[in-house]
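To keep things clear, I will list the structure first and then write my remarks on it.
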Amino acid sequence: MSEYEIVETNAENIDACSLCGNKSANNAGRRRKANWLKERYAEGLRYKVLRSREFGDVGMIEYAPGSHAWRPVEAADYLVIHCLMVSRKHQGKGLGSLLLDSCLADAKKSRCRGVAVVTSSDSFMARSDLFIKAGFVSADRIGPYELLVKKLKATAPDPRFIVDRERLCKRYSKGLTILAADQCTYVIKSAERIAETARTLGLEPNVVRVGGAKASRELPTPYGVFCILYDGKLIAERPISATRFRSILRTNAEQAVRGDRASASGPASSQPQRPGK
Ligand SMILES: CC(C)(COP(=O)(O)OP(=O)(O)OC[C@H]1O[C@@H](n2cnc3c(N)ncnc32)[C@H](O)[C@@H]1OP(=O)(O)O)[C@@H](O)C(=O)NCCC(=O)NCCS
């Protein structure tokens, strides 16, 4: 038997698995992710754990059919990878490729159009490198987010992002809104930390739990499972620290003061912002 095996998870065995490197049954993010997964298996979502005989669970891949993907992409009949991760100590031995190959094999077996994945040069997502090596090509891009595809049917239409940022930001035009889904164990913790920090600054956040794949495709960010908006402006599209959050609010407030001064001395600025406290 090889040192590593890929374990298919399901509602029965998921509670015993490490989720995205998190093994603690007391961790709220992990608990919510496990419950989230139990509701997703029936939609065709796959969560595979990479298990080492010596070290236990050391990696994972998660993917879903395009119609149930928690990413704002149009990718009908594709499999969409949400996450791919191998813990640092085990990287560089071909294990990431092994997990990716198992997803590609599923795509072939289910005769779908291919596999798509959102990558990012920023943190909290895999970069494009491993996928490019495996023959993926770029299909779309928004800022640091790149949508890659490996087609199994050459004539299939390309997947694409469906992020209408301007329209979607308008939905959250007043105050602080944190949108977060249980898809990511880290997102949950980050949302709680930002909400607590906001309260210490006198801001009561509107914390919205993103409850389904359709709702996640209505987020104004390609990440699809987390973002923070302040007075209709997207201020973070991935989990951030409390320090970074405070600094963004401070910069926002300074910009608003500068905007007010400019509008008092010159032509009216287009839309002055409410300063953060
Ligand atoms: C991407 C990743 C799974 C690759 O795992 P791995 O076991 O090292 O993969 P392999 O050994 O099969 O291939 C190594 C290749 O992966 C690529 N790679 C390295 N880091 C990468 C990253 N962060 N993202 C994408 N590809 C990466 C490189 O091309 C590397 O080849 P090189 O060593 O010659 O440069 C692993 O680097 C990882 O988990 N990175 C973090 C990903 C992440 O942030 N996920 C979000 C949490 S869901």
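- Here the CG-OG distance, from Leu50 to Ser87, works out to 8.0 Å after rounding to the nearest 0.5 Å.
- The shortest heavy-atom contact between Leu45 and Pro65 is N-CD, 4.2 Å.
- The minimum heavy-atom distance between Ala181 and Trp70, with the atom names listed, is CB-CZ3, 3.7 Å.
- Two different hydrophobic clusters hold Leu179 and Ile162 under the rule that ILVMFWY side chains link at heavy-atom gaps under 4.5 Å.
- Using a 4.5 Å heavy-atom threshold, the side chains of Arg51 and Val58 count as separate.
- Closest non-hydrogen pair, Ile61 versus Cys103, comes out as CD1-CB, 3.9 Å.
- Nearest heavy atom pair, residue Gly114 against residue Ala107, reads O-CB, 4.4 Å.
- Val73 and Val149 fall into different hydrophobic clusters, where Ile, Leu, Val, Met, Phe, Trp and Tyr residues are linked whenever their side-chain heavy atoms come under 4.5 Å apart, directly or through other members.
- A distance-only check finds no donor-acceptor pair linking the side chain of Ser247 to the backbone of Thr243 [under 3.5 Å].
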Stepwise side-chain contact (heavy atoms from CB on, under 4.5 Å) check, Tyr230 with Ile248: CA-CA 10 Å; Tyr230 185 60; Ile248 291 171; over 6 Å; no
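- Residues Leu229 and Cys169 meet the side-chain proximity criterion, which asks for heavy atoms closer than 4.5 Å.
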Chi angles and distances behind the side chain to side chain donor-acceptor pair (under 3.5 Å) call for Ser52, Glu3: CA-CA 6 Å; Ser52 149; Glu3 159 62 13; 2.6 Å; yes
Steps toward side-chain contact (heavy atoms from CB on, under 4.5 Å) verdict (Leu148, Val137): CA-CA 5 Å; Leu148 301 176; Val137 294; over 6 Å; no
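- Of the possible donor and acceptor atoms, none in the side chain of Asp77 sits under 3.5 Å from a partner among the backbone N and O of Cys112.
- Side-chain contact between Pro159 and Leu147: present, with at least one pair of heavy atoms (C-beta onward) separated by less than 4.5 Å.
- Between the Arg165 side chain and the Pro220 main chain, a donor and an acceptor come within less than 3.5 Å of each other.
- Ring geometry for His82 against Trp36 counts as tilted: the plane angle lies between 30° and 60°, on a 0 to 90° scale.
- Using a 4.0 Å cut-off between charged nitrogen and carboxylate oxygen, Arg30 and Asp182 do not count as a salt-bridge pair.
- Under the 4.5 Å side-chain criterion, counting only non-hydrogen atoms from C-beta, Glu237 is not in contact with Phe226.
- The hydrophobic cluster containing Leu95 also contains Ile6, counting ILVMFWY residues as joined when their side-chain heavy atoms lie under 4.5 angstrom apart, directly or transitively.
- Between the side chain of Arg71 and the backbone N or O of Tyr223, at least one donor-acceptor pair lies under 3.5 Å.
- With hydrogens and angles ignored, the 3.5 Å screen pairs a side-chain donor or acceptor of Asn13 with a backbone N or O of Glu8.
- Side chains of Ser120 and Glu146: no donor on one and acceptor on the other come within 3.5 Å.
- Shown here for Ala180 and Ala191, the closest heavy-atom pair between the two residues is CB-CB, 3.9 Å.
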CA sep, side-chain torsions, deciding dist, call: Arg40, Glu43, salt bridge (charged side-chain N to carboxylate O under 4.0 Å, His left out): CA-CA 5 Å; Arg40 303 279 86 75; Glu43 299 170 358; 3.0 Å; yes
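- Side chain of Ser190 to main chain of Tyr186: no donor-acceptor pair is present (N/O by atom type, distance under 3.5 Å, no hydrogens or angles).
- Counting only distance, with no hydrogens or angles, the side chain of Lys153 and the backbone of Arg111 share a donor-acceptor pair below 3.5 Å.
- Rounded to the nearest 0.5 angstrom, Thr155 OG1 and Arg113 CZ are separated by 8.5 Å.
- Side-chain contact check for Glu218 versus Arg167: some heavy-atom pair is nearer than 4.5 Å.
- The line from OG1 of Thr185 to NZ of Lys189 is 10.5 Å long, rounded to the nearest 0.5 Å.
- Between the side chains of Lys93 and Tyr4, at least one donor N or O sits under 3.5 Å from an acceptor N or O.
- Summarising the geometry, atom OG1 belonging to Thr177 is positioned 4.5 Å from atom CG belonging to Asn206; distances are rounded to the nearest 0.5 Å.
- Salt-bridge formation is not detected for the pair Lys174/Asp231: no Lys NZ or Arg NE/NH1/NH2 atom is positioned less than 4.0 Å from an Asp or Glu carboxylate oxygen.
- Remark: the backbone N or O of Ser24 is not paired with any side-chain donor or acceptor of Asn27 at under 3.5 angstrom.
- Distance alone, capped at 3.5 Å, is enough to place a donor-acceptor pair between the Asp57 side chain and the Ser18 backbone.
- Taking the side chain as every heavy atom from C-beta outward, Lys108 and Leu152 approach each other to under 4.5 Å.
- Put simply, CZ on Arg244 and CD1 on Ile228 are 10.0 Å apart, with the number rounded to the nearest 0.5 Å.
- Two residues are said to be in side-chain contact when any heavy atoms from C-beta on lie closer than 4.5 Å; Gln183 and Glu62 meet this criterion.
- Residues Val49 and Tyr41 share a hydrophobic cluster, clusters being chains of Ile/Leu/Val/Met/Phe/Trp/Tyr side chains in contact below 4.5 Å.
- Taking the charged nitrogens against the carboxylate oxygens, Glu204 and Arg199 do have a contact shorter than 4.0 Å, which makes a salt bridge.
- For the residue pair Asn22/Lys33, the side-chain donor-acceptor check at 3.5 Å is not satisfied.
- Of the inter-residue distances, the one linking Leu168 atom CG with Cys227 atom SG reads 9.0 Å to the nearest 0.5 angstrom.
- Residues Met60 and Leu99 are not in side-chain contact: their nearest non-hydrogen atoms beyond the backbone lie 4.5 Å or more apart.
- Follow the hydrophobic side-chain contacts under 4.5 Å out from Tyr78 and you never reach Leu130; the two are in separate clusters.
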Stepwise side-chain contact (heavy atoms from CB on, under 4.5 Å) check, Val115 with Phe136: CA-CA 9 Å; Val115 176; Phe136 283 65; 3.9 Å; yes
Chi angles and distances behind the side-chain contact (heavy atoms from CB on, under 4.5 Å) call for Phe245, Arg193: CA-CA 10 Å; Phe245 173 66; Arg193 204 170 34 223; over 6 Å; no
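- Closest heavy-atom contact between Leu19 and Tyr47: CA-OH, 3.5 Å.
- Not one N or O on the side chain of Thr9 forms a donor-acceptor pair closer than 3.5 Å with the backbone of Lys48.
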